[in-house]
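Only one structure is covered here, and it is reproduced in the block below.
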Amino acid sequence: MSHRSFPAATGRVPPGAIGHNRGVVERNYAFMPPEGVLVSRLPQYQNTIARILTAPVMGAAFAQYVLEIAEGGGMPKAFAEQDIQHFYYVLAGEVTLSVEGGESRSLGVGGFAYLPPGTSFTLRHAGEGRADVLALRKRYEPAPGFSMPEPILSHCDAVPMTNHTGMEGRGFQFLLPYGDMRFDFEMNLMWFKPGVCFPAVETHVMEHGLYMLEGQGLYLLGRDWHEIWARDFIWMGGYCPQQFYPTGQGDACYLLYKNVNRDIPL
Ligand code: UGY
Ligand code: MN
């Protein structure tokens, strides 16, 4: 065997790997199907693959990830970051999140955690099989006169479904306290009945990280429509024209990051 012999392998490159790519990265939005997002490993985790969905290099003011945590994986020791907030939402499997000197909770699918800046915590695999967790990091913007939020460990089933729009076929679950000025971002589960779109194309200063959880539809970004389904990710920068038109037979749902409650730094 020469040193250039290829190792034996049975996998084959799928047809259409180039021509059927759905991914698009533009100046103020990106459409990111999961298959193109390669593996990263991060020093605070063991036996964990991180797929980095958006980051400042793309134009986002935050970072968002899917963590694939193998059995025995996660944070081997407590982790904390000055001035940085963390949010986790469990997509599959089970993890245990422990706040140093505070609550420890096992989180299954739909479980979530908010950790204010500077909190020391561990996120570890629990149960059996791989755990997939959506993770988000954002630099905290303090608001004069308001205190820092407390950690939150909870589950989406404990969050009421509301609808401030009054529009038939819409549902909202605000995972973080809505309108609470201590928080500088929202994480919202956005529910849609088939065929129910927004009342208008939105164009707003806030940016979004969107992770598709259920159903399918067409997403307008700028001037282009993209077909979206579960596990796709979208980054929308400020003033990116946006609209969603659900096309599936069942309900559609995505988890939406939105920076809110702060004035514009000038
Ligand atoms: O609240 C929002 O900004 C939301 N309607 N945007 C979105 O789902 N793209
Ligand atoms: Mn929006």
Side-chain angles (χ1 to χ4, degrees), residues 11-42 49-68 87 89 91-92 132-139 170 185-192 194-260:
R12 288 269 165 90
V13 175
I18 301 165
H20 291 174
N21 170 46
R22 295 183 297 129
V24 176
V25 179
E26 293 287 351
R27 186 194 63 80
N28 77 338
Y29 70 83
F31 187 89
M32 305 281 287
E35 59 273 12
V37 185
L38 295 196
V39 164
S40 299
R41 291 187 179 78
L42 302 173
I49 282 170
R51 298 192 187 264
I52 306 180
L53 303 169
T54 192
V57 68
M58 188 182 263
F62 62 102
Q64 202 163 350
Y65 316 70
V66 170
L67 305 173
E68 299 172 0
F87 183 91
Y89 182 92
L91 300 169
D132 291 352
V133 180
L134 197 72
L136 186 137
R137 290 168 58 242
K138 181 188 184 294
R139 183 168 292 279
R170 300 288 307 275
F185 71 97
E186 292 175 1
M187 291 299 285
N188 303 330
L189 289 172
M190 312 281 286
W191 291 91
F192 301 82
V196 178
C197 61
F198 309 153
V201 172
E202 291 180 7
T203 311
H204 51 66
V205 68
M206 300 77 101
E207 66 174 333
H208 287 313
L210 181 161
Y211 189 81
M212 195 72 183
L213 293 170
E214 275 184 42
Q216 66 185 78
L218 298 174
Y219 224 99
L220 177 72
L221 298 167
R223 290 168 167 268
D224 299 321
W225 288 93
H226 302 261
E227 190 168 18
I228 183 168
W229 54 78
R231 298 178 60 233
D232 288 338
F233 175 81
I234 297 173
W235 167 65
M236 288 170 248
Y239 296 114
C240 172
Q242 58 201 259
Q243 173 63 283
F244 180 50
Y245 190 82
T247 54
Q249 303 283 320
D251 297 350
C253 179
Y254 52 76
L255 179 57
L256 191 72
Y257 160 88
K258 184 174 183 176
N259 57 313
V260 293

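Quick note: residue numbers are just sequence positions, from 1.
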Criterion side chain to side chain contact (heavy atoms under 4.5 Å, CB included) on Met187 and Lys258, from CA distance to verdict:
CA-CA 7 Å; Met187 291 299 285; Lys258 184 174 183 176; over 6 Å; no
For residues Tyr219 and His226, establish whether the separation of their ring centroids is below 6.0 Å.
no
Closest contact, heavy atoms only, Pro33 versus Gly23:
CD-CA, 3.5 Å
First locate atom CG of Leu53, then atom OH of Tyr257, and finally report the distance between them rounded to the nearest 0.5 Å.
14.0 Å
Verdict with reasoning, Leu189 to Tyr89, per side chain to side chain contact (heavy atoms under 4.5 Å, CB included)
CA-CA 11 Å; Leu189 289 172; Tyr89 182 92; 4.1 Å; yes
Gly195 and Tyr245: which non-hydrogen atoms are nearest, and at how many Å?
O-CE1, 3.8 Å
Distance col, row Thr247:OG1 vs Trp229:CH2, nearest 0.5 angstrom, shows 10.0 Å
Note, Ile234 side chain near Ile228 side chain (heavy atom, < 4.5 Å):
yes
How close do Pro194 and Gly248 get, counting heavy atoms only, and between which atoms?
CB-O, 3.4 Å
With salt bridge (Lys or Arg N to Asp or Glu O under 4.0 Å) as the rule and sequence neighbours excluded, what pairs involving residues 219-238 come up?
Arg22-Asp232
Grab the two heavy atoms, one from Gln243 and one from Cys197, that are nearest each other, plus how far apart they are.
OE1-CB, 3.5 Å
Does atom CZ of Phe198 have more than 12 heavy-atom neighbours, drawn from other residues, nucleotides or ligands, at distances under 6.0 Å?
yes
Can you tell me how far the CZ atom of Phe62 sits from the CG atom of Leu136, to the nearest 0.5 Å?
6.0 Å
Going through the checks in order, is the side chain to side chain contact (heavy atoms under 4.5 Å, CB included) test met by Phe31 and Val25?
CA-CA 6 Å; Phe31 187 89; Val25 179; over 6 Å; no
Applying the side chain to side chain contact (heavy atoms under 4.5 Å, CB included) test to Tyr65, which of Val133, Ile52, Val37, Leu134 qualifies?
Ile52
Would you confirm whether Glu207, through its side chain, and Ala61, through its main-chain N or O, come within 3.5 Å as a donor-acceptor pair?
yes
His208 side, atom NE2; Glu202 side, atom CD - distance, nearest 0.5 Å:
5.5 Å
Least distance between heavy atoms, His204 atom then Met206 atom:
ND1-O, 3.1 Å
Would you call the rings of Tyr254 and Phe244 parallel, tilted or perpendicular, taking 30° and 60° as the class edges?
perpendicular
For Ala230 against Leu213, the heavy-atom pair lying closest together
CB-O, 3.8 Å
Close side-chain approach of Pro199 to Arg170, heavy-atom, < 4.5 Å:
yes
Quick one: are Phe233 and Gln64 in side-chain contact, heavy atoms under 4.5 Å?
yes
Report the C-alpha separation of Ile49 and Leu67 in whole Å, then their side-chain angles, then the decisive distance to 0.1 Å, and conclude whether the side chain to side chain contact (heavy atoms under 4.5 Å, CB included) test is met.
CA-CA 6 Å; Ile49 282 170; Leu67 305 173; over 6 Å; no
Side chains of Met236 and Leu210 in contact at under 4.5 Å (non-hydrogen atoms):
yes
d(Cys253 SG, Asn188 CG) to nearest 0.5 Å is 10.5 Å
Could you grab the distance from atom CG of Asn259 to atom CZ of Phe185, nearest 0.5 Å is fine?
10.5 Å
